[in-house]
Amino acid sequence: MGSARTFVISAAAAALLLTVSGCSEDEPAAEASPSELAHYTAAPGSATPTESPATGATACVKTKGMSVEQLTDYLKNLRSGSGEYRSKGLTLDSSGLNFTPEAIQRPCEAVTVKLAHYWVDVEKARDATAVSAARYEYHYTLFNVTAYKAGPQDGRVADTAPPGGNGCQGTVSVVYLGQDIPLRSLPYDLELTDTTAPVPVDVDGDGVLSAIYVSPVDVESC
């Protein structure tokens with residue numbers, strides 16, 4: 001009789017221990033719900049880098065879905081990989097469009113920009129005197145606008161080198177987004193030089209990213 005009571009007490013104790021430890025045969029061990037897992041994705045149109053859930057490492061900036069204004073602002077503030085102050089990740093130089101963005105702000109996909117080329121006809125309006133320099137007038141003619149993709153990896157975009165000038169005709173090339181550049185926004189105080197190496201110039205317009213000028217070949221004859 002006493003041995004039967006001992007068996008009942010032991011079985012109850014064993015059941016209690018199993019219940020407390022969570023090892024009941026009727027219920028599986030609890031698993032984390034998907035909402036409890038680390039997850040981060042930048043919202044469309046945001047210039048916030050997308051973070052890898054597994055490593056937490058910054059991957060790239062999602063530009064897909066950005067408005068023209070947002071993409072323009074992003075590219076204007078995109079520094080080059082050198083990290084130098086006021087350096088630009090997207091520039092236009094003698095070889096064409098050059099894309100070398102800062103690694104932590106690199107876009108996830110290629111970005112599309114427009115490149116416009118203008119002829120600049122230079123005409124002397126007044127000869128130089130003993131007290132004043134010669135005065136020139138500039139007349140612009142748009143002759144090409146093409147859309148190009150840059151990135152997401154570093155490199156130069158093929159077939160984007162600025163055209164050279166000839167005689168009294170130079171060129172201005174502008175990289176931009178959004179509305180086309182009106183002629184009145186182009187520079188009318190260009191410096192005539194003896195070199196045809198492209199030089200940066202300022203062009204008015206919210207969507208302008210970069211611009212360069214190539215002087216005419218024969219300045220003296222203008």
Side-chain angles (χ1 to χ4, degrees), residues 68-69 71-82 84-102 111-128 132-151 154-222:
V68 172
E69 291 76 14
L71 184 57
T72 300
D73 186 64
Y74 162 69
L75 291 175
K76 282 186 175 182
N77 290 286
L78 180 62
R79 294 194 300 180
S80 73
S82 68
E84 296 179 1
Y85 176 66
R86 299 188 71 178
S87 63
K88 298 294 183 181
L90 177 65
T91 57
L92 183 61
D93 55 29
S94 60
S95 298
L97 280 171
N98 186 25
F99 193 65
T100 55
E102 189 176 24
V111 294
T112 301
V113 297
K114 290 189 282 188
L115 176 60
H117 298 296
Y118 302 84
W119 291 120
V120 188
D121 291 298
V122 180
E123 182 181 352
K124 184 181 288 185
R126 185 184 63 196
D127 290 329
S132 63
R135 187 171 66 86
Y136 294 88
E137 293 181 349
Y138 305 94
H139 305 279
Y140 285 96
T141 304
L142 174 66
F143 68 90
N144 183 263
V145 178
T146 306
Y148 292 95
K149 289 184 179 296
D154 290 6
R156 294 188 180 275
V157 181
D159 303 320
T160 58
N166 56 78
C168 290
Q169 194 175 60
T171 64
V172 166
S173 301
V174 186
V175 183
Y176 67 100
L177 291 171
Q179 298 293 324
D180 289 339
I181 308 299
L183 297 182
R184 65 178 179 276
S185 297
L186 298 171
Y188 285 86
D189 56 351
L190 298 170
E191 182 179 352
L192 297 177
T193 64
D194 293 331
T195 177
T196 56
V199 295
V201 291
D202 293 326
V203 174
D204 293 334
D206 294 336
V208 175
L209 301 173
S210 184
I212 55 176
Y213 159 64
V214 177
S215 184
V217 174
D218 189 6
V219 177
E220 294 300 324
S221 66
C222 299

### Message
Tell me whether S185 contacts the main-chain N or O of G205 through its side chain, where contact means a donor paired with an acceptor under 3.5 Å.
### Response
no
### Query
Is the closest side-chain heavy-atom distance between N166 and Q169 below 4.5 Å?
yes
### Task
Under the side chain to side chain contact (heavy atoms under 4.5 Å, CB included) rule, what do R156 and D93 come out as? Steps first, then yes or no, please.
CA-CA 10 Å; R156 294 188 180 275; D93 55 29; 2.9 Å; yes
### Task
Might you point out which heavy atoms bring S215 and T196 nearest each other, and give the distance in Å?
O-CG2, 3.9 Å
### Query
Between CG of L192 and OH of Y213, what distance do you get to the nearest 0.5 Å?
4.5 Å
### Task
Over all heavy atoms of both residues, which pair between L97 and L92 is shortest? Give the atoms and the distance, please.
N-CD1, 3.8 Å
#### Entry: D180 atom CG: more than 12 heavy-atom contacts under 6.0 Å
yes
### Message
Please verify the inter-ring angle class for W119 with F143; under 30° counts as parallel, over 60° as perpendicular, anything in between as tilted.
### Response
parallel
### Task
To the nearest 0.5 angstrom, please state how far the OG1 atom of T91 sits from the CD1 atom of I212.
9.0 Å
### Query
Within the side chain of Y148, is there an N or O that forms a donor-acceptor pair under 3.5 Å with the backbone of L115?
no
### Distance, nearest 0.5 Å, that separates OG1 of T72 from CG of N77
11.0 Å
### Query
side chain to side chain contact (heavy atoms under 4.5 Å, CB included) between L183 and Y188: does it pass, once the steps are laid out?
CA-CA 10 Å; L183 297 182; Y188 285 86; 4.3 Å; yes
### Message
Surrounding CZ of R135 (heavy atoms of other residues, nucleotides or ligands, distance under 6.0 Å), is the total greater than 12?
### Response
yes
### Task
To the nearest 0.5 Å, tell me how far D206 CG sits from D73 CG.
10.5 Å
### Summary
Closest non-hydrogen contact found for V203 with P187 is CG2-CD, 3.9 Å
### Task
Kindly give the heavy-atom pair with the smallest separation between P162 and H117, and that separation in Å.
CA-CE1, 4.2 Å
### Side chains of Y140 and V120 in contact at under 4.5 Å (non-hydrogen atoms)
yes
### Query
Would the number of heavy atoms belonging to other residues, nucleotides or ligands and lying under 6.0 Å from CD of E102 be above 12?
yes
### Message
side chain to side chain contact (heavy atoms under 4.5 Å, CB included) for Y138 and D121? Distances and angles first, verdict last.
### Response
CA-CA 6 Å; Y138 305 94; D121 291 298; over 6 Å; no
### Message
Under a plain distance cut-off of 3.5 Å, with no hydrogens placed, do N98 and T100 share a side-chain donor-acceptor pair?
### Response
no
#### Entry: Straight-line distance of Y118 OH to S173 OG, nearest 0.5 Å
9.5 Å
### Task
Could you go through the side chain to side chain contact (heavy atoms under 4.5 Å, CB included) check for L78 and L90 one step at a time?
CA-CA 8 Å; L78 180 62; L90 177 65; 5.6 Å; no
### Query
Shortest non-hydrogen contact from P101 to D154?
CD-OD1, 3.2 Å
### L75 side, atom CG; K88 side, atom NZ - distance, nearest 0.5 Å
10.0 Å
### Summary
Looking only at heavy atoms, the pair that brings S87 and S80 closest together is OG-OG, 3.1 Å
### Task
Give me the one residue out of I181, D202, L177 that meets side-chain contact (heavy atoms from CB on, under 4.5 Å) with V208.
I181
### Message
For the residue pair T112 / K149, report whether a side-chain donor-acceptor contact shorter than 3.5 Å exists.
### Response
yes
### Query
With a 4.5 Å heavy-atom cut-off, do L186 and V174 have their side chains touching?
yes
### Task
Please answer whether the main-chain N or O of Q179 pairs with a side-chain N or O of K114 as donor and acceptor at a distance below 3.5 Å.
no
